[in-house]
Amino acid sequence: MALKRLTQRAGLWAGVLLVGTAAHAQGLIGDLQLFAPPRLDAFGGGREANQGFFFCYDQLYWWIQAPEAATIGAPGERFVITRVINYPIDPDDLPPPGIYYTTEGYTTRSTGDTSDLNWKTSWGERFEFGWMGQHDGILVSLSNLQHQSQYLTFNQVEVFFDDPEGLLVGLVGYGNRVVGNPLDPDTWTLIQEPVTSPLPVTFTNLQVSYRADFWSVELEYLRRSHMFRRGGYLEFLAGVRYLELDDQIRFQGTGGIFDGSVWGLSAENHVIGPQLGVRYFKLAGRWMLNAEGRFTAGFNSQNLHLESNLTVPTPGTVGFPTAWPGSKVTQAEYQNEWAPIVELRVELRYLITKAINLRVGWTGMWMDGIARSPYMIDYTLPLMGMDTSNNQEDAFVHGLTFGVDINR
């Protein structure tokens, strides 16, 4: 079942539960009168916390930190020959045997990177519901963001491939050479010899697409303190959290010796672990200040998938590899990493009725040990692969929250 459908159904059932409990408002549900006037006793001091079933809905406007900038290509450089220049020779008056041409070239290296991928915003939703008694309760929380997409375009970009087997060596052109017995001009002959060189990989156009997805589920036991002397409560949380931060990057190039080639990598981070937290809130009149902190000792099971299809249109012709036709590969890797998560929330709530609050706040979440796709591609021929040593980036997700809660 898709997470979006799950969160929608969770919100629907929580709403049905609250409507039903509001109609009966007895026993475990507490004094849940949704539209009763607010109780503003103890204005300026502490107001008693609500008990019974509760439901919270937040609209999220969050940023996901961009992955570390990665070079599009392998590190390193190589001198390549791009042109053969022949000296003029009179066929009827040949010079002594020797080479009568020169070459021109340059040092090729990767010229593109993913530094233009930036912090991207998207909308999302967070549902929280549960039950709270005088001191003990339970909480279920579900959060998800719409996927975030970014696109980059490069023109005349070079991508350097590590080529230990010399697969990119190809015919550059033909140069003049005179052969024969240096002491007998009658044996001198002009030939055109092939000139080969490692070839540059230059795309006329390179399209890059990047996508990130985020969602989280929590189940918590709650333990609430007595009200402090000057108002306010502490609420301790203990439970378990499951979180996913997934991303994928895809490249598609046109022009050059790899015309029509595509490659890409996807990284799925499945983080699960025990969670502890604390919440402080104080009610005064119509206002409530809420501050929360949570820590998850996460275990990250990473699923990494790479696909590449490097195509050489006309191998063996001038300007293309001599014999290599390209390669196609699908590869999967699975890694495990320690992935701690720290979350902070700050909110201000305003009481509309006895049980309904409007709320606005900020949430920030830092996590480590996360695999991000751009930095993990290994540009080594003949088969591109993954560099799994780069699977431990940190990531920060944060943004604004706007919502409503009932009896929380």
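Because the structure is predicted, anything quoted here is derived from the model rather than measured.
- Side-chain atoms of Y379 and I377, non-hydrogen and from C-beta on, do get closer than 4.5 Å to each other.
- Note that CE of M227 is 9.0 Å distant from CG of L283, once rounded to the nearest 0.5 Å.
- With contacts defined as side-chain heavy-atom distances shorter than 4.5 Å, the pair V271/L245 does not qualify.
- Taking 4.0 Å as the cut-off between side-chain N and carboxylate O, E128 and R345 count as a salt-bridged pair.
- For the residue pair T296/Q275, the side-chain donor-acceptor check at 3.5 Å is satisfied.
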Verdict with supporting geometry, D394 and I370, side-chain contact (heavy atoms from CB on, under 4.5 Å): CA-CA 6 Å; D394 64 344; I370 302 298; over 6 Å; no
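- You'll find the side chain of I72 stays beyond 4.5 Å of the side chain of T111, heavy atoms only.
- Counting only heavy atoms from C-beta outward, the side chains of M386 and Q331 approach each other to under 4.5 Å.
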What's the verdict on ring-ring contact (aromatic ring centres under 6.0 Å, His included) for W366 and F396, showing C-alpha distance, side-chain angles and the deciding distance? CA-CA 5 Å; W366 173 87; F396 188 57; 8.8 Å; no
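- Heavy atoms only, all atoms of each residue included: P95 and I89 are closest at CD-CG2, 3.7 Å.
- Formation of a donor-acceptor pair under 3.5 Å by the T202 side chain with backbone atoms of V157 is not found in this model.
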If you apply the rule side-chain hydrogen bond (donor to acceptor under 3.5 Å, both in side chains), what do you find for Y221 with D136, and how did you get there? CA-CA 8 Å; Y221 164 74; D136 300 281; 2.2 Å; yes
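- Nearest heavy atoms, V329 versus M384: CG1-O, 3.8 Å.
- Side-chain atoms of S122 and Q148 include a donor-acceptor pair closer than 3.5 Å.
- N407 places a side-chain N or O within donor-acceptor distance of the main-chain N or O of Q51, the cut-off being under 3.5 Å.
- Two residues are said to be in side-chain contact when any heavy atoms from C-beta on lie closer than 4.5 Å; E347 and D58 meet this criterion.
- In this structure, the ring of F299 has its center no less than 6.0 angstrom from the ring center of W338.
- Although no hydrogens or angles enter the test, the distance criterion places no donor-acceptor pair under 3.5 Å between the side chain of T314 and the main chain of T317.
- Looking at heavy atoms from C-beta onward, F295 lies in side-chain contact with P340 at the 4.5 angstrom threshold.
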List the steps, then state whether side-chain contact (heavy atoms from CB on, under 4.5 Å) holds for L348 with R359. CA-CA 6 Å; L348 188 62; R359 49 199 244 167; over 6 Å; no
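- Under a 3.5 Å cut-off, the side chain of Q150 and the backbone N or O of N118 do form a donor-acceptor pair.
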Going through the checks in order, is the ring-ring contact (aromatic ring centres under 6.0 Å, His included) test met by F53 and F129? CA-CA 8 Å; F53 288 104; F129 55 90; 9.9 Å; no
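- For the residue pair E268 / H270, a side-chain donor-acceptor distance below 3.5 Å is found, with atom types taken as modelled.
- Sorted by first and then second residue, the ring-ring contact (aromatic ring centres under 6.0 Å, His included) pairs involving residues 229-248 (not counting sequence neighbours) are W215-Y242, Y233-F281.
- Counting non-hydrogen atoms of neighbouring residues, nucleotides and ligands closer than 6.0 angstrom, the CD atom of E337 exceeds 12 such neighbours.
- Residues G76 and R109 share a closest heavy-atom pair of O-CB, 3.7 Å.
- Residues Y174 and Y101 keep their aromatic ring centres 6.0 Å or farther apart.
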Could you check Q65 against W119 for side-chain contact (heavy atoms from CB on, under 4.5 Å), going step by step and ending with a plain yes or no? CA-CA 5 Å; Q65 180 181 358; W119 292 68; 3.4 Å; yes
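- Shown here is Y210, whose OH atom has more than 12 heavy atoms of other residues, nucleotides or ligands within 6.0 Å.
- Residues in residues 370-391 take part in these salt bridge (Lys or Arg N to Asp or Glu O under 4.0 Å) pairs, two or more places apart or across chains: D247-R372.
- Between Y61 and W123, the ring center distance clears the sub-6.0 Å criterion.
- Under 3.5 Å, the side chains of T388 and E333 contain no donor-acceptor pair of N or O atoms.
- A donor-acceptor contact closer than 3.5 angstrom is absent between the side chains of N336 and Q302.
- Taking CG of D90 as the start and CG of L190 as the end, the distance is 10.5 Å to the nearest 0.5 Å.
- Under a 3.5 Å cut-off, the side chain of K328 and the backbone N or O of L383 do not form any donor-acceptor pair.
- Remark: side-chain polar atoms of N155 are not paired, donor with acceptor, to backbone N or O of N205 under 3.5 angstrom.
- Here the CG-NE2 distance, from L222 to H135, works out to 13.5 Å after rounding to the nearest 0.5 Å.
- Not a single donor-acceptor pair under 3.5 Å links the side chain of E218 to the backbone N or O of L142.
- A side-chain donor from one of Y57 and Q59 sits under 3.5 Å from a side-chain acceptor of the other.
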Just do the salt bridge (charged side-chain N to carboxylate O under 4.0 Å, His left out) check on R349 and D405 with the steps written out, would you? CA-CA 9 Å; R349 305 183 185 183; D405 67 65; 3.3 Å; yes
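- Side chains of H398 and W362: a donor-acceptor N/O pair is present below 3.5 angstrom, by distance only.
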Run the side-chain contact (heavy atoms from CB on, under 4.5 Å) check on F127 and V140 step by step: do they pass? CA-CA 8 Å; F127 296 92; V140 178; over 6 Å; no
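- Formation of a donor-acceptor pair under 3.5 Å by the D163 side chain with backbone atoms of L168 is found in this model.
- In this structure, V318 and G173 approach most closely via the heavy-atom pair CG1-N, 4.5 Å.
- Partners of V172 according to the side chain to side chain contact (heavy atoms under 4.5 Å, CB included) rule, which considers only residues two or more places apart in sequence or in another chain, are I81, V84, S197, L199.
- Checking side-chain atoms of S261 against main-chain N and O of T311 turns up a donor-acceptor pair under 3.5 Å.
- Between R241 and E343, at least one side-chain nitrogen of the basic residue sits less than 4.0 Å from a carboxylate oxygen of the acidic one, meeting the salt-bridge criterion.
- Inter-residue side-chain proximity for P96 and P182 is flagged as unmet; no heavy-atom pair is nearer than 4.5 Å.
- The shortest heavy-atom contact between F154 and G112 is CE2-CA, 4.2 Å.
- Two residues are said to be in side-chain contact when any heavy atoms from C-beta on lie closer than 4.5 Å; L117 and L152 meet this criterion.
- A donor-acceptor pair under 3.5 Å is formed between the side chain of D246 and the backbone N or O of N269.
- Interatomic distance, L304 CG to Q248 CD, rounded to the nearest 0.5 Å: 13.0 Å.
- The closest side-chain donor-acceptor pair between E77 and T107, if any, does not fall under 3.5 angstrom.
- A cation-pi arrangement is present between R408 and F54, with the terminal nitrogen or guanidinium carbon under 6.0 Å from the aromatic centre and inside a 45° cone about the axis.
- Closest approach of A339 to G369, counting heavy atoms only: CB-O, 4.2 Å.
- Side-chain contact annotation: Y280 with N290, donor-acceptor N/O pair under 3.5 Å absent.
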